[in-house]
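Presented below is the structure to which this report refers.
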Number of protein chains: 2
Amino acid sequence: MRYTQYTRFIKEVIVDKGGGKSSASGRSSAPELATRDERKLRTRSSLLDAALTLMQQGRSFTSLGLREITREAGVVPTSFYRHFRDMDELGLALVDDGGATLRQLLREARKESAPVSDIIRRSVTIYKEFLLERHMHFMFIAGERSGGSPVIRSAIRNQVNLFVLEMSQDLRRFNFLPHLSTATLQMLCGLVVNTMLNAASDILDMPPDEPKLEQELLDNFVKQLRLIFLGAISWKEPVAKPAA
Amino acid sequence: MRYTQYTRFIKEVIVDKGGGKSSASGRSSAPELATRDERKLRTRSSLLDAALTLMQQGRSFTSLGLREITREAGVVPTSFYRHFRDMDELGLALVDDGGATLRQLLREARKESAPVSDIIRRSVTIYKEFLLERHMHFMFIAGERSGGSPVIRSAIRNQVNLFVLEMSQDLRRFNFLPHLSTATLQMLCGLVVNTMLNAASDILDMPPDEPKLEQELLDNFVKQLRLIFLGAISWKEPVAKPAA
DNA sequence: AATGTTTGTCAACAACTGTTCACTGAAACT
DNA sequence: AGTTTCAGTGAACAGTTGTTGACAAACATT
């Protein structure tokens with residue numbers, strides 16, 4: 001029993017750290033496998049990676065099979081059940097990882113506190129870097145957001161809503177558009193996030209190494225954001241009932 | 001040979017009409033099956049309907065199987081090949097139907113020519129009616145837009161881009177935002193269409209018969225459009241190079 | 001050192017998949 | 001009339017799927 005608790009502890013710690021550089025750098029650079037839980041987590045994440053890899057090859061998550069994933073991960077099909085009850089549970093794990101990526105994006109953007117000039121262009125730069133580095137997470141989120149199984153779809157929606165909420169709170173904190181009501185601010189952020197994810201789909205779907213087209217898509221993205229914030233600036237709240 | 005040509009002709013005529021009221025109303029109200037080509041088209045569209053029905057039950061198109069569809073359609077699996085080479089081809093047919101729906105939406109919106117007051121609210125009303133009436137097409141387009149197989153995904157993207165283009169031309173024709181360059185107008189329409197499809201996903205994913213929530217989503221949608229057009233109104237084209 | 005726990009493996013299963021081929025009967029053509 | 005065309009059928013195939021249970025070896029616990 002105590003062992004089980006310990007396992008859970010390790011799991012949470014390592015999983016939550018979410019991807020600090022290379023997985024086992026620090027103590028021993030030897031490729032030897034240390035504790036049992038570490039190895040379990042290793043195959044677990046190799047299952048997750050296998051799913052993402054297959055998706056990168058054009059498949060959608062919902063169409064992936066259990067055996068297909070274990071094959072790609074290099075383990076026997078039955079091993080799957082040591083980590084996930086079924087494909088849905090693996091999908092939910094991917095949603096969590098994607099959510100963590102989103103939150104980290106927000107944290108990164110928060111560092112660029114000073115709302116000086118060209119805040120949009122800079123945010124987009126951060127976003128672009130994130131997009132390329134973690135492209136598989138974004139592909140999964142943007143792709144299954146309104147396509148996959150109902151369970152996963154609603155889980156993604158939750159994560160995205162959470163992201164929207166957090167973003168709107170950040171804008172409030174930085175006094176970014178003080179004349180907007182909270183509801184309007186959230187509506188704004190929802191619009192921005194949707195635009196962001198749509199852009200992600202577009203950009204990640206490109207044939208690779210086409211910098212011209214990529215720049216075009218990015219410019220269009222920036223232009224859309226500019227227009228949105230322009231609208232936000234000149235927004236007037238309805239006068240019926242001022243926020244209490 | 002001549003028979004084959006005739007078949008093609010009938011196909012195009014009936015398929016292109018895209019859904020005028022009930023399929024065979026007008027001459028004989030008897031439910032008897034007339035010509036051979038008509039019956040072929042009937043099972044063809046019952047295959048398409050079967051796919052849509054299964055999707056309505058929460059499945060994504062990419063995860064559907066050939067046998068599953070023929071089962072739902074009430075024909076034997078081998079019949080499938082009389083109509084489509086494989087699932088991708090059926091998917092493309094669905095994309096075409098969806099595109100036709102989009103074009104019809106545009107045609108409907110065009111009737112409301114007068115750009116008087118509250119044009120957004122009225123357009124949204126038209127959209128909502130369309131959305132409910134043809135919900136399966138929208139579900140398919142919005143769902144597989146960035147999820148399904150690469151072939152279908154790019155086909156959808158083409159249709160959506162076409163829709164965006166046509167919409168921007170309409171706005172030009174009605175002199176709607178004359179101070180915008182063509183490129184900006186297209187960017188605007190792209191933004192609107194993305195917002196539209198995202199709203200479609202949200203609305204169609206709701207638990208049925210929740211008018212309160214539905215109204216909330218619709219209001220949010222209208223609010224987003226308002227903000228977008230507000231931004232479009234106060235948009236200033238960069239002064240570097242005025243459109244030649 | 002002895003005992004319990006657990007990750008991964010192996011073999012096997014019933015069910016289902018996409019696809020093939022030859023065939024039927026009715027509609028369409030000559 | 002006789003002949004051709006063709007949508008839909010039925011049986012069969014090799015391959016794949018998700019899932020089960022028993023087992024081995026490495027590890028953790030006492």
Side-chain angles (χ1 to χ4, degrees), chain A residues 1-11 14-15 32-51 54 59-91 93 149 151, chain B residues 1-11 14-15 32-51 54 59-91 93 149 151:
Chain A
M1 267 307 177
R2 225 176 249 166
Y3 173 68
T4 307
Q5 287 175 6
Y6 177 67
T7 299
R8 291 238 177 81
F9 171 72
I10 291 281
K11 243 186 207 172
I14 302 196
V15 164
E32 295 180 2
L33 308 172
T35 157
R36 179 140 85 178
D37 305 274
E38 267 187 357
R39 264 185 297 176
K40 174 157 188 181
L41 282 175
R42 213 176 291 261
T43 62
R44 182 191 137 102
S45 78
S46 83
L47 285 172
L48 295 172
D49 284 352
L54 288 170
R59 314 279 317 275
S60 91
F61 176 77
T62 337
S63 75
L64 293 181
L66 183 153
R67 281 184 116 105
E68 204 172 355
I69 286 181
T70 58
R71 204 180 304 135
E72 172 78 26
V75 291
V76 96
T78 36
S79 267
F80 184 91
Y81 296 103
R82 302 284 180 207
H83 303 273
F84 308 102
R85 201 188 315 280
D86 51 20
M87 283 293 295
D88 265 348
E89 204 170 292
L90 186 144
S149 87
V151 195
Chain B
M1 268 306 176
R2 225 178 248 167
Y3 174 66
T4 307
Q5 287 176 4
Y6 177 67
T7 300
R8 291 238 177 81
F9 171 71
I10 291 279
K11 245 187 208 173
I14 300 197
V15 164
E32 293 180 3
L33 307 173
T35 157
R36 180 142 85 176
D37 304 276
E38 266 186 358
R39 265 185 296 175
K40 173 157 187 181
L41 283 176
R42 213 177 292 261
T43 63
R44 181 192 137 103
S45 78
S46 83
L47 285 173
L48 294 173
D49 284 351
L54 289 170
R59 314 278 316 275
S60 91
F61 176 77
T62 337
S63 76
L64 294 181
L66 182 152
R67 281 184 115 106
E68 205 172 356
I69 287 182
T70 57
R71 203 180 306 134
E72 172 78 26
V75 291
V76 98
T78 34
S79 267
F80 185 91
Y81 296 103
R82 302 282 179 210
H83 303 273
F84 307 102
R85 201 187 316 279
D86 52 22
M87 283 293 295
D88 264 348
E89 203 169 293
L90 186 144
S149 87
V151 195

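Letters A, B, ... mirror the listed sequences (proteins, then strands); counts begin at 1.
- With the 3.5 Å cutoff on both pairing distances, Watson-Crick and G-U pairs in DNA chain C assemble into runs of at least 3 at C:1-6 with D:25-30, C:8-12 with D:19-23, C:14-30 with D:1-17.
- dA7(D) atom P lies 10 Å from atom CG of Leu41(B), rounded to whole Å.
- Residues satisfying the side-chain hydrogen bond (donor to acceptor under 3.5 Å, both in side chains) criterion with Thr62(A), sequence neighbours excluded, are Glu144(A).
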Does the side chain to side chain contact (heavy atoms under 4.5 Å, CB included) test come out yes or no for Phe84(B) and Leu66(B), once each step is laid out? CA-CA 10 Å; Phe84(B) 307 102; Leu66(B) 182 152; over 6 Å; no

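- Taking side-chain N and O atoms only, Thr43(A) has no distance below 4.0 Å to OP1 or OP2 of dT7(C).
- The base of dT5(D) sits within donor-acceptor range of the side chain of Arg36(B), with an N or O pair under 3.5 Å.
- When rounded to the nearest whole Å, the span between CZ of Phe80(A) and P of dT7(C) equals 15 Å.
- Rounded to an integer number of Å, the gap from CD1 of Ile69(A) to P of dT17(D) is 11 Å.
- Not a single side-chain hydrogen bond (donor to acceptor under 3.5 Å, both in side chains) links Thr70(B) to another residue, sequence neighbours left out.
- The interatomic distance linking Asp37(B) (CG) with dT5(D) (P) rounds to 15 Å, in whole Å.
- For Lys40(B) and dC6(D), the NZ to P distance is 8 Å, given to the nearest whole Å.
- With sequence neighbours excluded, no residue forms a side-chain hydrogen bond (donor to acceptor under 3.5 Å, both in side chains) with Ser79(B).
- Considering CZ of Arg67(B) and OG1 of Thr78(B), their distance stands at 8.5 Å, rounded to 0.5 Å.
- Residues passing the side chain to side chain contact (heavy atoms under 4.5 Å, CB included) test with Thr43(B) are Ser46(B), His83(B), sequence neighbours excluded.
- Across all strands shown, Val76(A) has heavy atoms under 4.0 Å from base atoms, whether or not it also approaches the sugar-phosphate.
- Residue pairs meeting the salt bridge (charged side-chain N to carboxylate O under 4.0 Å, His left out) criterion with at least one member in residues 74-86 of chain B, sequence neighbours excluded, are Arg85(B)-Glu89(B).
- Residue Glu38(B) contributes atom CD, which lies 13 Å from atom P of dA27(C) at whole-angstrom precision.
- Put simply, CZ on Arg82(B) is 12 Å from P on dT20(C), counting in whole angstrom units.
- When all heavy atoms are compared, the tightest approach of Gly65(B) to Glu68(B) is N-OE1, 3.0 Å.
- Scanning for side-chain hydrogen bond (donor to acceptor under 3.5 Å, both in side chains) contacts around Asp88(B) gives Ser149(B), with sequence neighbours left out.
- Listed pair Arg39(A) / dG8(C) fails the phosphate criterion, with no side-chain N or O lying under 4.0 Å from OP1 or OP2.
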Distances under 3.5 Å between nitrogen or oxygen atoms of protein and nucleotides 16-19 of chain C:
residue	atom	partner	partner atom	Å
dT17(C)	OP1	Arg71(B)	NH2	3.2
dT17(C)	OP2	Arg71(B)	NH2	2.9
dG18(C)	OP1	Leu66(B)	N	2.6
dG18(C)	OP2	Leu66(B)	N	3.3
dG18(C)	OP2	Arg67(B)	N	2.8
dG18(C)	N7	Arg67(B)	NH1	2.4
dG18(C)	O6	Arg67(B)	NH1	2.8
dT19(C)	OP2	Tyr81(B)	OH	2.8
dT19(C)	O5'	Tyr81(B)	OH	3.1
dT19(C)	O4	Arg67(B)	NH1	3.4

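- Between Ser79(B) and the phosphate of dT9(D), there is a side-chain N or O to OP1/OP2 separation shorter than 4.0 Å.
- Rounded to a whole Å, the CD atom of Glu89(A) is 12 Å from the P atom of dT19(D).
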